[in-house]
J.: 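Have a look at this one.
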Amino acid sequence: MADGSKHNGGSLTIEIKHGFYLLRAKRIASFAYGFIFVFIAFTVFLAFNPSSNSSSPWFTDNFSNTVTSPHYSSIFSYFSPDSSSQQEYHDDNNDIIGSQNNTRKIQPQSHELKDDKFSNNSRIQSPEPINQPSSSNLTSSLANKKNNESNSGFSAVNSVESLLGCDLFDGEWVKDESYPLYKPGSCSLIDEQFNCFLNGRPDNGYQKFKWKPRGCTIPRLNGTHMLELLRGKRLVYVGDSLNRNMWESLVCTLRSSIKDQKNVYEAYGRYQFRTEASYSFVFKDYNCTVEFFVAPFLVQEWEFSEKNGSKKETLRLDIIGRSADGYKNANIIVFNTGHWWTHDKTSKGKDYYQEGSHVYGELNVLEAFRKALTTWGRWVDANVDPKRSLVFFRGYSESHFSGGQWNSGGQCNNETEPIKEKSYLREYPDKMITLERVLRGMKFPVSYLNITKLTDYRKDAHPSVFRKLNLTEEERKSPLMFQDCSHWCLPGVPDAWNELLYAQLLIRNHLQKPHS
């Protein structure tokens with residue numbers, strides 16, 4: 001009996017233990033099934049969670065054909081608004097003006113300019129930063145950022161890194177069917193003088209070229225992103241009609257990226273841009289302006305009365321242009337001069353150039369050009385604040401008159417292809433060598449946009465006979481005698497100048513970021 005009781009007690013103990021093991025196994029199985037269910041649900045949520053763009057950023061990042069590497073940090077941004085993904089977005093849209101303590105030296109990018117202080121590292125501080133997106137909008141912001149990168153054809157970080165040390169101005173023009181940056185005929189702001197499409201030019205190949213440096217690839221100008229860089233700022237072009245060419249190009253590019261184009265307008269309601277001293281386009285949604293100040297010599301055109309009562313016109317080589325106070329506080333200033341120095345008065349230099357009360361009976365045009373640029377450089381050093389402003393100088397844009405000059409029957413019609421061989425290019429202009437010497441002597445770190453060589457290739461892209469729609473009686477009699485082989489069709493070559501400016505701004509924005 002005692003043995004039986006002992007046996008029965010042992011069996012009971014074994015059964016209790018067996019039940020406990022079964023119960024624990026069921027709990028483990030339930031937990032495992034639950035974990036699998038939660039994991040599957042979480043994965044489906046991340047992959048197909050709807051957003052304002054009808055796609056998850058995680059799904060876009062990892063399965064889009066335009067992305068070469070996954071960005072798993074997007075996942076964590078759902079839970080941590082302070083994650084590295086958010087910081088990356090903020091940095092990519094930060095101010096364009098470099099911080100004094102976060103700069104990195106890169107190689108000079110000009111023909112001859114070798115002084116370190118004229119390389120792209122800018123020792124200046126940033127004004128008010130662009131606002132960072134709130135955490136509630138972070139998901140759509142990340143998706144928009146990725147879409148912008150895909151549309152512009154570059155990965156922001158990798159592309160900008162590749163630009164460091166790259167000579168942006170040594171390269172070639174390559175065919176790119178995705179160009180131009182804006183639809184021909186779509187921008188009513190282009191002056192008739194530049195609007196070759198509406199003036200009846202039948203070919204469009206000149207619109208389909210992109211400038212490609214030998215050591216890197218310039219990112220396509222993303223209008224929305226550039227407007228973010230310009231938010232709350234003034235970008236000003238100062239110079240002659242070639243800078244007006246560049247100004248209109250950028251206004252049209254940026255305007256094409258705006259949904260409500262009523263929010264883009266000239267401050268004084270003007271539609272023609274050849275008669276007044278200054279113009280300003282307002283981009284209301286971004287609280288920024290893109291402006292143009294007419295100053296073909298940068299120094300001041302002058303007039304005084306002679307003893308016989310007649311008026312005498314001179315060029316004051318020692319006084320900055322009259323409009324200088326209007327742009328000296330702008331955030332970005334792009335200067336140019338050069339083409340008016342080829343006109344009769346300036347090229348001959350007889351009884352025209354003035355310093356103080358002295359009018360030179362004769363002065364070499366190159367020496368006069370040097371004096372004028374020296375005046376400009378001293379003015380920039382004394383009046384433009386490097387903590388507030390970036391200053392660029394765009395180099396000489398080549399002309400392509402054949403058989404005469406601009407005022408003597410020079411022609412460029414029937415040119416439909418760029419120059420292919422370097423041997424056909426002109427020598428680097430003496431005026432630009434003079435400019436570089438002046439830049440070396442300045443305290444202000446001016447960036448040189450050396451577009452001379454890249455424009456020399458483009459004999460195909462001038463308005464030529466398509467400079468206006470309605471010809472005068474004299475022009476109809478001899479249409480080939482009146483050609484514009486100096487300015488550029490829009491869309492066209494000046495769009496590339498603005499892409500180079502955009503690349504420079506991306507570089508500066510990148511260099512101001514903290515680096516480990």
Side-chain angles (χ1 to χ4, degrees), residues 147-154 159 168 171-213 217-227 235 237 241-259 261 264 273 281 283 290 334 394 397-398 400 412 415-419 449 451 454-464 466-467 469 484-503 505-506:
N147 288 336
N148 286 341
E149 288 180 1
S150 297
N151 291 336
S152 61
F154 77 105
S159 178
L168 302 182
E172 61 182 345
W173 292 94
V174 296
K175 275 282 189 179
D176 190 325
E177 291 297 329
S178 70
Y179 279 73
L181 297 174
Y182 46 96
K183 184 178 179 181
S186 66
C187 187
S188 60
L189 309 175
I190 298 175
D191 274 358
E192 181 184 35
Q193 181 184 11
F194 310 144
N195 206 332
C196 305
F197 176 80
L198 293 186
N199 291 339
R201 180 165 176 170
D203 61 305
N204 67 353
Y206 66 92
Q207 303 168 0
K208 300 292 185 180
F209 284 93
K210 175 184 177 65
W211 177 250
K212 173 67 172 67
T217 297
I218 296 173
R220 183 184 179 93
L221 199 162
N222 185 311
T224 302
H225 184 244
M226 188 162 186
L227 282 167
L235 167 57
Y237 295 88
S241 55
L242 273 299
N243 246 17
R244 176 161 56 89
N245 223 178
M246 186 178 181
W247 168 68
E248 290 185 12
S249 161
L250 185 65
V251 170
C252 289
T253 301
L254 299 182
R255 182 176 181 262
S256 68
S257 69
I258 299 292
K259 291 183 179 179
Q261 296 193 353
V264 182
F273 311 112
F281 266 93
F283 290 81
V290 182
V334 182
R394 181 185 59 74
S397 168
E398 288 285 8
H400 295 90
C412 56
E415 296 286 0
T416 59
E417 291 290 332
I419 293 173
L449 297 175
I451 54 87
L454 68 89
T455 57
D456 202 358
Y457 285 104
R458 296 304 307 276
K459 61 183 175 64
D460 61 309
H462 297 289
S464 65
F466 304 102
R467 61 190 181 88
L469 188 59
D484 184 351
C485 306
S486 178
H487 300 97
W488 304 92
C489 296
L490 292 179
V493 170
D495 302 334
W497 305 348
N498 283 312
E499 287 197 311
L500 288 163
L501 176 63
Y502 179 56
L505 299 182
L506 290 176

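Bear in mind that the values here come from a model prediction, so they are computed numbers and not experimental data.
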J.: How close do Ile190 and Cys252 get, heavy atom to heavy atom, and via which atoms?
T.: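 In terms of heavy atoms, the two residues are closest at CG1-SG, 3.4 Å.
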J.: How many angstroms lie between CD in Glu248 and CG in Asn498, if you round to the nearest 0.5 Å?
T.: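 The distance works out to 11.5 Å.
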J.: Please report the closest heavy-atom contact between Cys489 and Arg201, naming both atoms and the distance.
T.: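 Cys489 and Arg201 have their closest heavy atoms at SG-NH1, 3.7 Å.
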J.: Of the non-hydrogen atoms in Glu192 and Asn199, which two are nearest, and what is the gap between them?
T.: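 So the two residues come closest at O-ND2, 2.7 Å.
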J.: For Leu168 and Trp211, work out which heavy atoms get closest and say how close.
T.: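 Reported closest heavy-atom pair: O-NE1, 2.8 Å.
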J.: Among Cys196, Cys187, Pro184, Ser249, whose side-chain contact (heavy atoms from CB on, under 4.5 Å) with Leu490 holds?
T.: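 Checked Cys196, Cys187, Pro184, Ser249 against Leu490; only one passes side-chain contact (heavy atoms from CB on, under 4.5 Å): Ser249.
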J.: Does Glu172 form a side chain to side chain contact (heavy atoms under 4.5 Å, CB included) with Phe209? I'd like the steps, not just the answer.
T.: CA-CA 10 Å; Glu172 61 182 345; Phe209 284 93; over 6 Å; no
J.: Quick one: pull up CZ in Arg255 and CG in Leu227 and give me the separation to the nearest 0.5 Å.
T.: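 Output value for this atom pair is 12.5 Å.
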J.: Starting at CG of Asp203, measure out to OG1 of Thr416 and round the result to the nearest 0.5 Å.
T.: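 Nearest 0.5 Å value for the CG-OG1 distance: 6.0 Å.
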J.: Assess whether a salt bridge exists between Arg458 and Asp460, defined as any Lys/Arg side-chain N lying under 4.0 Å from an Asp/Glu carboxylate O.
T.: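 Counted as a salt bridge, because a side-chain N and a carboxylate O are separated by less than 4.0 Å.
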J.: Which residue, Val290, Leu506, Leu250, forms the side-chain contact (heavy atoms from CB on, under 4.5 Å) with Met226?
T.: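 Checked Val290, Leu506, Leu250 against Met226; only one passes side-chain contact (heavy atoms from CB on, under 4.5 Å): Leu250.
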J.: Can you confirm whether more than 12 heavy atoms, excluding those of Lys175, are under 6.0 Å from its NZ atom?
T.: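 Correct, the count exceeds 12.
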J.: For the atom pair CD (Glu398) and CD1 (Ile451), what is the distance rounded to the nearest 0.5 Å?
T.: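 Glu398 CD to Ile451 CD1: 8.5 Å, rounded to 0.5 Å.
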J.: Could you tell me the separation between the CE atom of Met246 and the CG atom of Asp495, rounded to the nearest 0.5 Å?
T.: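 So the CE of Met246 and the CG of Asp495 are separated by 10.0 Å.
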J.: Going by an N to O cut-off under 4.0 Å, is there a salt bridge joining Arg244 and Asp191?
T.: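 Answer for the salt bridge query: yes.
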J.: Kindly determine whether Val493 and Thr455 satisfy side chain to side chain contact (heavy atoms under 4.5 Å, CB included), including the steps that lead there.
T.: CA-CA 7 Å; Val493 170; Thr455 57; 4.2 Å; yes
J.: If we check side chain to side chain donor-acceptor pair (under 3.5 Å) with His487, which of these qualifies: His462, Arg467, Gln193?
T.: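 Of all the options given, the one that passes is Gln193.
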J.: Looking at the rings of Phe273 and Phe194, which for Trp means the six-membered one, are their centres under 6.0 Å apart?
T.: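 No, they do not, as the ring centres are separated by 6.0 Å or more.
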J.: Ignoring hydrogens, what is the shortest heavy-atom contact between Lys210 and Tyr179? Give both atom names and the distance.
T.: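 Smallest heavy-atom distance, with atoms named: NZ-OH, 2.9 Å.
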J.: Tell me if the centroids of the rings in Tyr206 and Trp488 come within less than 6.0 Å of each other.
T.: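 No: the rings miss the under 6.0 Å criterion.
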J.: May I ask you to test the Ser486-His400 pair for a side-chain heavy-atom distance under 4.5 Å?
T.: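 No, every pair of side-chain atoms sits at 4.5 Å or beyond.
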J.: Find out whether Trp247 and Val334 are in side-chain contact, i.e. whether some heavy atom of one side chain is under 4.5 Å from a heavy atom of the other.
T.: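 Trp247 does not reach Val334 side chain to side chain.
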J.: Would you give the length of the straight line joining atom CZ of Phe281 to atom CG of Leu254, rounded to the nearest 0.5 angstrom?
T.: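 Going from CZ on Phe281 over to CG on Leu254, the span is 11.0 Å.
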J.: Check for me whether Arg220 meets the cation-pi criterion with Tyr502, that is, NZ or CZ under 6.0 Å from the six-membered ring centre and within 45 degrees of the ring axis.
T.: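 No, Arg220 does not sit over the ring of Tyr502.
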J.: Taking all non-hydrogen atoms of both residues into account, name the closest pair between Gly200 and Phe466 and its distance.
T.: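 Closest approach of Gly200 to Phe466, heavy atoms only: O-CE2, 3.5 Å.
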